[in-house]
Amino acid sequence: MTQKILGLLGGMSWESTAHYYAQINRHVRDVRGGLHSARLLLHSVDFAPIADMQRRADWAAAAQLLGEAGRGLAAAGAGALLICTNTMHKVAAPIEDMAGIPLLHIADPTIAALRAAGVARVGLLGTRFTMEDDFYSARLCSAGLQVCVPDMDDRTELHRVIFEELCLGQLHEASRQRLLAMVARLRAAGAEAVILGCTEIAMLLTQDATDMPLYDTTRLHADAAAAWLLG
């Protein structure tokens with residue numbers, strides 16, 4: 001069986017991209033055995049300019065940069081594209097158009113897992129862009145899910161933790177406890193499960209820390225990518 005080739009748009013941050021690379025390869029190894037691994041092409045960007053574009057709300061420039069990177073991956077032989085971050089799915093459509101190959105959307109495997117579990121109302125944790133803009137929640141709602149997000153103070157603090165700690169590889173117990181308190185407040189608001197809708201969050205918050213079902217988008221996205229490779 002010859003694997004297809006998958007293009008990864010990574011580096012946003014490289015901390016979570018490393019988890020993508022490991023999880024996709026583990027999945028392929030577990031299915032095929034032996035020394036098998038995934039056929040991947042990675043374009044890892046410098047995150048600082050993109051983070052600045054996010055802060056300035058210059059999403060068109062970010063889409064242009066990532067779309068050109070995606071086009072390069074397609075030219076190198078990639079048959080599909082993976083954006084290794086939740087936030088930049090805000091511009092998933094123009095990136096896919098520029099790359100000219102199918103994009104495996106990060107929300108779709110999470111939606112499938114939530115629907116399979118019978119979850120109707122879900123909490124969403126992520127960057128402020130993911131929690132406050134509708135590009136992500138609208139996709140969930142269109143699949144029949146009700147979405148709740150933390151209040152403004154929690155959204156501000158979580159955004160800070162992501163960019164000032166997790167993207168730099170810093171894991172602090174105090175921040176873990178704050179995230180667990182956010183999960184508890186989402187439960188009180190009626191959430192039956194919580195989406196870890198930033199690819200770095202699972203570095204800090206894992207299922208063994210709470211009995212609230214957590215849906216790790218990094219793992220689910222990586223497993224869907226591996227399934228595409230093997231399909």
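Residue indices begin at 1 and follow the sequence shown. Because the structure is a prediction, the values reported are computed rather than measured. Side-chain atoms are counted along with the backbone in the values below, which use heavy atoms only and exclude waters and symmetry mates.
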Item to complete: Check whether Met152 and Phe129 end up in the same hydrophobic cluster, where Ile, Leu, Val, Met, Phe, Trp and Tyr are linked by side-chain heavy atoms less than 4.5 Å apart.
Response: no

Item to complete: Search all heavy atoms of Thr218 against all heavy atoms of Ser16 and return the closest pair with its distance.
Response: CG2-O, 4.5 Å

Worksheet, complete the sentence: Output for pair (Asp208 CG, Leu214 CG), nearest 0.5 Å, gives 9.5 Å

Fill in: Test item: Leu158 and Met131 side chains (from C-beta on) under 4.5 Å apart, heavy atoms
yes

Worksheet entry | Heavy-atom check, side chain of Ile24 versus side chain of Leu82, under 4.5 Å | yes

Worksheet item: Counting heavy atoms not belonging to Arg115, are there more than 12 under 6.0 Å from its CZ?
Response: no

Discussion item. Taking the side chain as everything from C-beta on, heavy atoms only, tell me whether Val122 gets closer than 4.5 Å to Tyr215.
Written reply: no

Worksheet item: For the atom pair SG (Cys198) and OH (Tyr136), what is the distance rounded to the nearest 0.5 Å?
Response: 10.0 Å

Worksheet item: Mind checking whether His89 and His221 have parallel, tilted or perpendicular rings, split at 30° and 60°?
Response: perpendicular

Fill in: Gap between atom OH of Tyr20 and atom CG of Asn25 - 0.5 Å precision
14.5 Å

Practice prompt. Would you mind reporting whether Val183 and Leu125 have side-chain heavy atoms less than 4.5 Å apart?
Written response: yes

Worksheet item: Which atoms form the tightest heavy-atom contact between Glu15 and His19, and what is the distance?
Response: O-CD2, 3.0 Å

Side-chain donor-acceptor contacts of residues 61-78 below 3.5 Å, not counting sequence neighbours, with atom names and distances?
residue : atom : partner : partner atom : Å
Gln64   : NE2  : Glu68   : OE2          : 2.7
Arg71   : NE   : Met98   : O            : 3.4

Worksheet item: Under 3.5 Å, is there a donor-acceptor pair between the side chain of Glu96 and the main chain of Pro102?
Response: no

Worksheet item: So which of Thr110, Asn86, Thr85 actually passes side chain to side chain donor-acceptor pair (under 3.5 Å) with Thr217?
Response: Asn86

Item to complete: Return the minimal non-hydrogen interatomic distance between Cys148 and Arg121, and the atom names on each side.
Response: CB-NH2, 3.5 Å

Discussion item. Count I, L, V, M, F, W, Y as connected when their side-chain heavy atoms are under 4.5 Å apart, and connections chain through other members. Are Met12 and Trp14 then in the same cluster?
Written reply: no

Practice prompt. Dump the intermediate steps for side-chain contact (heavy atoms from CB on, under 4.5 Å) on His159 and Glu164, then the final yes or no.
Written response: CA-CA 8 Å; His159 190 87; Glu164 297 181 15; over 6 Å; no

Worksheet item: Going hydrophobic residue to hydrophobic residue with side-chain gaps under 4.5 angstrom, can you get from Val28 over to Val31?
Response: yes

Discussion item. For Asp223, is there an ion pair with Arg219 - N to carboxylate O distance below 4.0 angstrom?
Written reply: yes

Worksheet item: Would you call Asp108 and Arg139 a side-chain contact if the rule is heavy atoms closer than 4.5 Å?
Response: yes

Item to complete: Indicate yes or no: at least one non-hydrogen side-chain atom of Thr87 is less than 4.5 angstrom from one of Gln54.
Response: yes

Practice prompt. Verify, without hydrogens or angle tests, whether Asp151 (side chain) and Asp154 (backbone) share a donor-acceptor contact under 3.5 angstrom.
Written response: yes

Worksheet entry | Heavy-atom donor-acceptor pair, Gln207 side chain to Met212 backbone, under 3.5 Å | yes

Discussion item. Using the rule given for ring pair (Phe, Tyr, Trp, His ring centres under 6.0 Å), can you reason through Phe135 versus Trp59, listing the C-alpha separation, both sets of side-chain angles and the distance that settles it, and then say yes or no?
Written reply: CA-CA 12 Å; Phe135 70 93; Trp59 298 102; 7.4 Å; no

Discussion item. Does either side chain, that of Ser175 or that of Arg178, offer a donor lying less than 3.5 Å from an acceptor on the other one?
Written reply: yes

Worksheet item: Donor-acceptor pair, Arg155 side chain versus Arg128 backbone, under 3.5 Å?
Response: no

Worksheet item: Would you call Cys167 and Glu200 a side-chain contact if the rule is heavy atoms closer than 4.5 Å?
Response: yes

Worksheet, complete the sentence: Tightest non-hydrogen contact, residues Cys84 and Thr199, listed as O-OG1, 3.8 Å

Fill in: Interatomic spacing from CE in Met203 to CG in Asp216 - rounded to 0.5 Å
11.5 Å

Practice prompt. Say whether, by atom type as modelled, one donor and one acceptor occur between the side chain of His172 and the main chain of Ala174 under 3.5 angstrom.
Written response: no

Worksheet item: If you measure from CD1 on Ile111 to CG on Leu220, what distance do you get to the nearest 0.5 Å?
Response: 11.5 Å

Fill in: Closest approach of Leu205 to Ala209 (non-hydrogen atoms, all atoms of both residues)
CD1-CB, 4.5 Å

Worksheet item: Can you tell me how far the CD atom of Glu132 sits from the CG atom of Leu124, to the nearest 0.5 Å?
Response: 11.0 Å

Worksheet item: Of all residues at least two apart in sequence or in a different chain, which pass the side chain to side chain contact (heavy atoms under 4.5 Å, CB included) check with Ile5?
Response: Arg39, Leu41

Fill in: Closest heavy-atom pair and its distance - Ala99, Leu81
CB-CD2, 3.9 Å

